[in-house]
There are 2 protein chains.
Amino acid sequence: MKLDLNIKKPTTRNAKNTFAEIERGAIKLFYERGYHNTTVANITAEAGVAAGTFYLYFPSKIVLYQHILGVFSYNIRKYIAERVSEKNTRYEKEREGIRSFFEYMIENPEMYNIIWEALYIDYNLFRQYYQTFADRYVVGLEEAKKNDEIRDLDSEVIAYILMGITNFVGLKILFDLGNNNIDIEKIIDVIMEFLEKGLFKENAH
Amino acid sequence: MKLDLNIKKPTTRNAKNTFAEIERGAIKLFYERGYHNTTVANITAEAGVAAGTFYLYFPSKIVLYQHILGVFSYNIRKYIAERVSEKNTRYEKEREGIRSFFEYMIENPEMYNIIWEALYIDYNLFRQYYQTFADRYVVGLEEAKKNDEIRDLDSEVIAYILMGITNFVGLKILFDLGNNNIDIEKIIDVIMEFLEKGLFKENAH
DNA sequence: TCAATAAATGAACAATCATTCATCTTATGA
DNA sequence: TCATAAGATGAATGATTGTTCATTTATTGA
């Protein structure tokens, strides 16, 4: 499934550094200005190398983007999975999943913009990213159902519901990141109470 | 608050048609190819007018985008508000809000891409769009709290939770729109049961 | 009917930018 | 040490595209 992007890996130590600098510069600029407002010349200038150097490693600008998306996609899944696997109940796993998503997002605010931008750069990659994320989620939810931990609701719909909650509350957190008075734990508390008891009171209808 | 985009409104009937054709062509192409892969020449060709005609009405390509975003933003809010106001309980309002969001989205799949793309074209407009949407939501939620219909949770967080749910489940629906066996009512049932009782069973932790 | 105004045209312009390539520099390993 | 390969350079290229403008056509109101 891992598609070959035709990227040339550097061998010498200096070259590895050059490659990493191009990655770093691209992530910074794609985040700050978006893919289309970032030129290859911008990236190489940020990386401190000549324009032509870019094409030693990447056959095109779009391939660099696809590569970076792949790296982020892998890293966030790994980050979350490692922390969730430490917990035992679905409730604790869910809480930890949400917390680690927010953590990763705050440490790597570039990820957000870069992943969403796939919708306008490579639609299939965008769709695949979320569908893969959802598929993994479904596995955990089905297991929790077997253990009688969660209600018997369509797991795929629930997966998208939970991704929607974390992504949009995450968006709000990014909006407010300038303000120093955001309390992430308090926000997670609200989400968890919502997941526990729902929105409506018993007499609501 | 309504910002002046410096758009020239047409006066004669023919000119009104030209203006509408440019709007229509732009929406079609922004949806199909994205903003950056759509040229002004593409838009005028789609509209069946000469390239220069574009600048009779819009001072630049970006202003046309901002104009279209404003139209969608207004239309979807109006569409939902009209239907929600017919309902009495918060439960019924919520269900109708979700349903009408999906309805509008399926009828106007362009809206989704065009609004999200704001993140890469005009960040402030993007942020303003969601914050305005959330602010409206908060008003309704606060009222429902007073009526003891919903739990006492932070209304702004809940607003982003609910927007996240509708947007991401909506995304899933758009992914699957090719398949003819999607049952929207069933998906809404899942969301509503989730909102009623939460995700976890009583004995979950 | 006929000036005055509005609408429309499309070739030309100027700027941008992804990519190439001939040349030079550095590293490697036998 | 030295031949070979890998890494790096940056000016040049060619294609694209947002915008302008001199000119032509259509509409309007008196």
Side-chain angles (χ1 to χ4, degrees), chain A residues 5-30 32-69 114 117-118 120-122, chain B residues 5-30 32-69 114 117-118 120-122:
Chain A
L5 295 175
N6 209 28
I7 292 169
K8 173 130 176 294
K9 289 284 167 62
T11 56
T12 70
R13 185 183 303 134
N14 276 344
K16 274 176 187 161
N17 184 56
T18 299
F19 186 93
E21 278 299 301
I22 290 172
E23 272 181 320
R24 187 196 56 76
I27 289 170
K28 179 171 187 280
L29 296 174
F30 286 167
E32 287 173 4
R33 322 177 177 180
Y35 176 82
H36 291 285
N37 291 320
T38 300
T39 70
V40 173
N42 294 152
I43 294 168
T44 51
E46 174 72 34
V49 297
T53 304
F54 181 90
Y55 293 92
L56 293 177
Y57 303 104
F58 301 97
S60 65
K61 185 183 161 190
I62 179 91
V63 164
L64 168 64
Y65 171 81
Q66 290 163 339
H67 166 69
I68 288 173
L69 188 73
I114 289 173
E117 197 167 15
Y120 310 99
I121 298 171
D122 189 330
Chain B
L5 294 175
N6 209 28
I7 292 170
K8 173 131 175 292
K9 289 283 164 64
T11 55
T12 70
R13 185 183 305 136
N14 278 344
K16 273 175 188 163
N17 184 55
T18 297
F19 187 93
E21 279 297 300
I22 291 173
E23 271 182 322
R24 187 197 56 76
I27 289 170
K28 179 170 187 281
L29 296 174
F30 286 167
E32 287 174 3
R33 321 177 177 183
Y35 176 81
H36 291 286
N37 291 319
T38 300
T39 69
V40 173
N42 294 152
I43 295 168
T44 51
E46 175 71 35
V49 298
T53 303
F54 181 91
Y55 293 92
L56 292 177
Y57 303 105
F58 302 97
S60 65
K61 185 183 161 190
I62 180 89
V63 164
L64 168 64
Y65 172 81
Q66 290 163 339
H67 165 69
I68 288 173
L69 187 75
I114 289 174
E117 199 167 14
Y120 310 100
I121 299 171
D122 189 329

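Numbers restart at 1 for each chain; the letters A, B, ... are given by sequence-line order, proteins then strands. Because only heavy atoms are used, hydrogens play no part in the values below, and waters and symmetry mates are left out as well, while side chains stay in.
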At under 4.0 Å between heavy atoms, what does [X] touch on the DNA or RNA strands: base, sugar-phosphate, or nothing?
{"X": "B/T38", "value": "sugar-phosphate"}
{"X": "B/T53", "value": "base"}
{"X": "B/K8", "value": "sugar-phosphate"}
{"X": "A/Y57", "value": "sugar-phosphate"}

Task: 5'-most by nearest nucleotide on DNA chain C - B/F19 or A/I62 - done: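 Going by which nucleotide is closer to the 5' end, it is B/F19.
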Nucleotide [N], atom [atom2] - distance to [atom1] of [X] in whole Å:
{"X": "B/L29", "N": "D/dT17", "atom1": "CG", "atom2": "P", "result": "13 Å"}
{"X": "A/L56", "N": "C/dC24", "atom1": "CG", "atom2": "P", "result": "17 Å"}
{"X": "A/I43", "N": "C/dC17", "atom1": "CD1", "atom2": "P", "result": "12 Å"}
{"X": "A/H36", "N": "D/dT16", "atom1": "NE2", "atom2": "P", "result": "17 Å"}
{"X": "A/F54", "N": "D/dG7", "atom1": "CZ", "atom2": "P", "result": "16 Å"}
{"X": "B/F58", "N": "C/dA8", "atom1": "CZ", "atom2": "P", "result": "12 Å"}
{"X": "A/Y65", "N": "C/dA18", "atom1": "OH", "atom2": "P", "result": "16 Å"}
{"X": "A/I22", "N": "D/dG7", "atom1": "CD1", "atom2": "P", "result": "12 Å"}

Task: Geometric class of the B/Y65/B/Y35 ring pair [parallel <30°, tilted 30-60°, perpendicular >60°] - done: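 Ring orientation, 0 to 90° scale: perpendicular.
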- [ ] Kindly assign one of parallel, tilted or perpendicular to the pair B/H67 and B/F19, based on the angle between their ring planes and the thresholds 30° and 60°.
- [x]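 It falls in the perpendicular class, over 60°.
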Which nucleotide in the list [options] gets nearest to the side chain of [X]?
{"X": "A/Y55", "options": "D/dA6, D/dT9, C/dT20", "result": "C/dT20"}
{"X": "A/S60", "options": "D/dA26, C/dT19, D/dT19", "result": "C/dT19"}
{"X": "B/P10", "options": "C/dA7, D/dT19, C/dT9", "result": "C/dA7"}

Open item on the list: Tell me if a side-chain donor or acceptor on A/N42 pairs with a main-chain N or O of A/T39 at a distance below 3.5 Å.
Closed with: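 A pair under 3.5 Å: yes.
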Between [N] and [X], is there an OP1 or OP2 to side-chain N/O distance shorter than 4.0 Å?
{"X": "A/T11", "N": "D/dG7", "value": "yes"}
{"X": "B/T12", "N": "D/dT28", "value": "no"}
{"X": "B/N14", "N": "D/dT27", "value": "yes"}

Open item on the list: If only side-chain N and O atoms count, and only distance matters, is there a donor-acceptor pair under 3.5 Å linking A/E117 with A/H36?
Closed with: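 Not at all, the side chains of A/H36 and A/E117 share no donor-acceptor pair under 3.5 Å.
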TODO: Determine whether A/F58 and A/V40 make a side-chain contact, defined as any pair of heavy atoms from C-beta on separated by less than 4.5 Å.
DONE: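 A/F58 vs A/V40: side chains apart.
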